[in-house]
Amino acid sequence: MGRRILHASAPELLLGSESDSQIITPSRSYQVGRDPQSDVVFADPRVSWHHAVLRPGRGGWTIEDADSTNGTYADGRRIRRLEVGPGTVMRFGNPVNGPWAALSSVPQPSEQEPAPPEVPSATGAFRSPTAVRSLPSRTIRIGRSHDNDLAVDDLLVSRNHAELRARPDGGYEVVDLGSHNGTYLNGQPVFRARVRPGDIVGIGHAAFRLVDGELQEYVDTGEVSLSVQELSVRVDKGRITLLDHVSFPVAEKCLLAVVGPSGAGKSTLLGALTGLRPADHGTVLYDGRDLYRDYAELRQRIGLVPQEDILHTQLTVRRALGYASELRFPADTTKGERRARVDEVIGDLGLEARADQAIHSLSGGQRKRVSVALELLTKPSLLFLDEPTSGLDPGMDRSVMTMLRSLADDGRTVIVVTHSVLNLDVCDRLLVLAPGGRIAYYGPPGRTLPFFGFAGWPEAFEAFENDLQRDWAGGFRASPLHREYITDVMQQPRPVSPSPRSVAEPPKPQGWAAQLGTLVRRYTTALASDRTFLTIMVALPFVMGAMARALAGSRLDASTALNALLILCVGGVLTGAANAVRELVKERVIYRRERSVGLSRSAYLASKIIVLGCVTVVQAVVLTMVGLFGVRLAVRGPGAVGLPPLAEIVLAVALLSFSAMMLGLLVSALVRKEEVTMPLLVLLAIVQVVFCGALLKLNGVPGLQQFSWLVPSRWALGAMAGTVDLPRIVPSAITADPLFRHSAGSWILDMGMLVVLSMVMGVVVLMLLRRHEPAVMRR
């Protein structure tokens, strides 16, 4: 009796969830969890067995979290205990797309059934749909083409992208139709999956949700917010902190600058915010969505401009952007559609007069505009830039920052990491990081120096370096500015689980053959535009061939044969290795950025092998023909395997050059700086000469013999020696090597080992490329 009186003031309410609804009365408490005996049961694994309790009280109802693993949320905030009533929407296990329950008043018999409460969706908290349509009991095809049932005007969407199919049980399922950029269900890539009410289907910049028999469409127009909550990054087994519980909000259409002394964690923060190197602890919410969990889908909406150029500078602006559009847009996008988008971004960034000019001939500020144009092709909502004004004069600095200001005003969120403090006044917010990765200031740029108590930025940065005892972060947390620009805006950031979450793996890129074709054409064009490379490529085989011809004389005999074959080996190694030794390291920034937006690792390597391989083989043929044209090879009859001797030697030199090219790619994938490749090229040439078998006796010498098996020139010289029957022409201890025998078996073994070495080096290069990729792509 007394218990009923205690709860008499708590009203009866209607509790609705994804699966059913019930009236709750103040006579008892209601359990929420995965336990089938609970009053409100959710099968979602993110919900704990006993997750929360809904209790009646003197003033109404209260929701209490029961120490759940993943938390209980209301209005996007994690709560421990909260008074609730009609209109309250609660989520369990995740603030964005966790299972939900909502409270509403119990309808009276004379009242109409109330509309269900609005539920926060993965498209952003409480955003209104841009379109709503009834769901027919049939298949709905979604795509870019206007003949679809639902046309999406977005170049990231394939012409026929996906279908929403009615199921016999009355539900729906989404089926991807082999799209270029993938179809996503609640942020995860899917090919075929059931869609339940409230689920979010992501296609390009659009998202769709089933609600009460209707299909609601949301479009990401670019005006998105970012909420950074408790980001921490530690390395060296946790002993070194790069970011220390960094939290701040970024509003829609905001231009945010991040500054700080060297070592303050600016680059680390950039990697965490873009999802390329997720933080060990903390959350980044992209308009209410967990960026790390939904990275596979959201990565297409994030643009990143590194400090270095991310385009082949030998190409013209229009051509470079054209190739980039081929890689980023679906294969069914027409040339006219891609050309129109390229012309649009060129016009937006004022590059019309430079569109047909080679990128390397542009000024620093113009080159930065081209890099920004590349990222704007896909209309990203978030744009990040790393040191965009580095090395620019004050005028160019101002021009670039003004450009970023206009990009934000056009409806994007722009975050720029910079050392320059000349034009911070154009920014909406300024984030100052102190050593140790802590926030020393966040707010309007104009209030920064007065807060620190310095007259200018040089004094401030000097203090960061010298005044190591000052608690910069603590001083800011205790200031009214922290409450005004962080705490009040973020409305009590929810605690974050210290265990790192797994990041959703991006889908495997679509259209491997199409990517390969684009990469081959782009690389060929870039090489053809490099006059220095062309000159060396043409001259080197003629020079080395002429040297071999001079040594060979009119015929190969005891005095000329070994030296002539040795020069052919050296020439083949130099041409192949010199072609490739710089090619991967000089494009590392380009590769890293393209890989993060879906470039296939194997297609990229295959394009290098195809183009460089063709160039290298042609050079090897020229080298051999120049070196041995008109020379009597002094071999009785055909070569070792029955081919003309000159043809066998051409094949051996060509395969040697190809193997040396693969060795050059291996070196290029190993080194960190382009400057070290030339000394390594010299070292490679020396090793090939010493261990080819022309100068030292290798057969039967422990250690040397086994090491020589890894040297391509060893097998190539053996094949050529077998073709001309070198042991007969130059009998000696060196030429008595079994690999030099004039027999089909020895020649095939020599050539086969060159093929094996090339394949092994290709696999190793593919593995080494993985080391230089964004952390999220290393799967």
Side-chain angles (χ1 to χ4, degrees), residues 222-228 231 243 246 248-262 264-277 284 286 291 301-310 345 348-350 364-376 380-433 437 439-446 448 457 460-461 485 589 593 596:
E223 297 183 7
V224 300
S225 61
L226 200 68
S227 180
V228 181
L231 292 188
L243 286 181
V246 172
F248 58 90
V250 185
E252 299 174 359
K253 301 172 67 174
C254 175
L255 174 56
L256 167 67
V258 181
V259 302
S262 298
K266 299 187 296 298
S267 297
T268 304
L269 177 63
L270 187 66
L273 296 182
T274 57
L276 296 181
R277 199 293 186 192
V284 179
Y286 172 101
L291 174 64
R301 309 185 194 182
I302 297 174
L304 171 62
V305 181
Q307 183 175 350
E308 302 90 345
D309 290 320
I310 51 176
V345 296
D348 289 343
L349 294 173
Q366 291 166 345
R367 289 169 68 166
K368 190 58 63 178
R369 285 176 180 266
V370 177
S371 294
V372 173
L374 169 64
E375 293 302 311
L376 294 185
S381 303
L382 273 175
L383 182 62
F384 295 87
L385 300 100
D386 188 10
E387 301 288 354
T389 60
S390 177
L392 302 184
D393 60 59
M396 285 293 184
D397 187 301
R398 183 72 181 179
S399 174
V400 170
M401 293 301 292
T402 302
M403 173 191 66
L404 300 182
R405 173 72 270 168
S406 66
L407 291 176
D409 293 338
D410 285 343
R412 300 176 187 85
T413 300
V414 182
I415 299 177
V416 52
V417 173
T418 180
H419 277 101
S420 175
V421 294
L422 296 177
N423 297 288
L424 296 178
D425 57 298
V426 303
C427 301
D428 299 299
R429 291 289 183 267
L430 177 63
L431 172 65
V432 182
L433 289 178
I439 295 182
Y441 174 83
Y442 182 82
T448 311
W457 281 105
F461 278 94
Y485 294 110
V589 175
R593 179 62 192 136
S596 68

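Below, each value reflects all heavy atoms present in this structure, side chains not excepted, and no hydrogens, waters or symmetry copies.
To the nearest 0.5 Å, atom OG of residue S390 and atom CD of residue E308 are 9.0 Å apart. If you take CE on M403 and NZ on K368, they are separated by 9.0 Å, rounding to the nearest 0.5 Å. Note that CG of L430 and OG1 of T448 are 4.5 Å apart. Values are rounded to the nearest 0.5 Å. Here CZ of F461 is found 9.0 Å from OG of S262. Values are rounded to the nearest 0.5 Å. With rounding to the nearest 0.5 Å, the separation of CG in L382 from CG in L273 is 9.0 Å. Between L304 atom CG and I415 atom CD1 the span is 11.0 Å, to the nearest 0.5 Å.
When all heavy atoms of L231 and A272 are compared, the pair lying nearest together is CD1-CB, 4.0 Å. Minimum interatomic distance between L424 and P445 (heavy atoms only, all atoms of both residues): O-CG, 3.3 Å. The heavy-atom pair separating L243 from G265 by the smallest distance is CD2-O, 3.7 Å. Smallest separation of non-hydrogen atoms from V246 and G437: CG2-O, 3.3 Å. Across A264 and L433, no two heavy atoms sit closer than the pair CB-O, 3.5 Å. For the residue pair P380 and G303, the shortest heavy atom distance occurs at CB-N, 3.5 Å.
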Inset, instruction - Output, in order, the C-alpha distance, side-chain angles, deciding distance and verdict of side chain to side chain contact (heavy atoms under 4.5 Å, CB included) for L291 and I302. - result: CA-CA 10 Å; L291 174 64; I302 297 174; 3.5 Å; yes
Inset, instruction - Show the numbers, then the answer: is there a side chain to side chain contact (heavy atoms under 4.5 Å, CB included) between D348 and D410? - result: CA-CA 10 Å; D348 289 343; D410 285 343; over 6 Å; no
Inset, instruction - Might you work through the side chain to side chain contact (heavy atoms under 4.5 Å, CB included) test for V250 and R429, ending with a clear yes or no? - result: CA-CA 8 Å; V250 185; R429 291 289 183 267; over 6 Å; no
Inset, instruction - Give the C-alpha distance, both sets of side-chain angles, the deciding distance and a yes or no for salt bridge (charged side-chain N to carboxylate O under 4.0 Å, His left out) between R593 and E375. - result: CA-CA 10 Å; R593 179 62 192 136; E375 293 302 311; 2.7 Å; yes
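Counting only distance, with no hydrogens or angles, the side chain of K266 and the backbone of G260 share a donor-acceptor pair below 3.5 Å. The main-chain N or O of V224 is found under 3.5 Å from a side-chain atom of T413 such that the two form a donor-acceptor pair. Side chain of R369 to backbone of L349: a donor-acceptor contact under 3.5 angstrom is found. With E387 contributing its side chain and H419 its backbone, the two residues share a donor-acceptor pair below 3.5 Å.
With contacts defined as side-chain heavy-atom distances shorter than 4.5 Å, the pair L256/D428 does not qualify. Between V400 and V372, the closest side-chain pair of non-hydrogen atoms is not below 4.5 Å. Here the side chains of V416 and L404 are in contact, with some heavy-atom distance below 4.5 Å. Using a 4.5 Å heavy-atom threshold, the side chains of D309 and S371 count as touching. The closest side-chain heavy-atom distance from T389 to L422 is not below 4.5 Å.
Scored by the side chain to side chain contact (heavy atoms under 4.5 Å, CB included) test, N423 finds D397, R398, M401, D425 as partners (sequence neighbours excluded). By the ring-ring contact (aromatic ring centres under 6.0 Å, His included) test, F248 is found to be paired with Y442, residues two or more places apart in sequence or in another chain being considered.
Looking only at atom types and distance, the side chain of R405 has no donor-acceptor partner in the side chain of T402 under 3.5 Å away.
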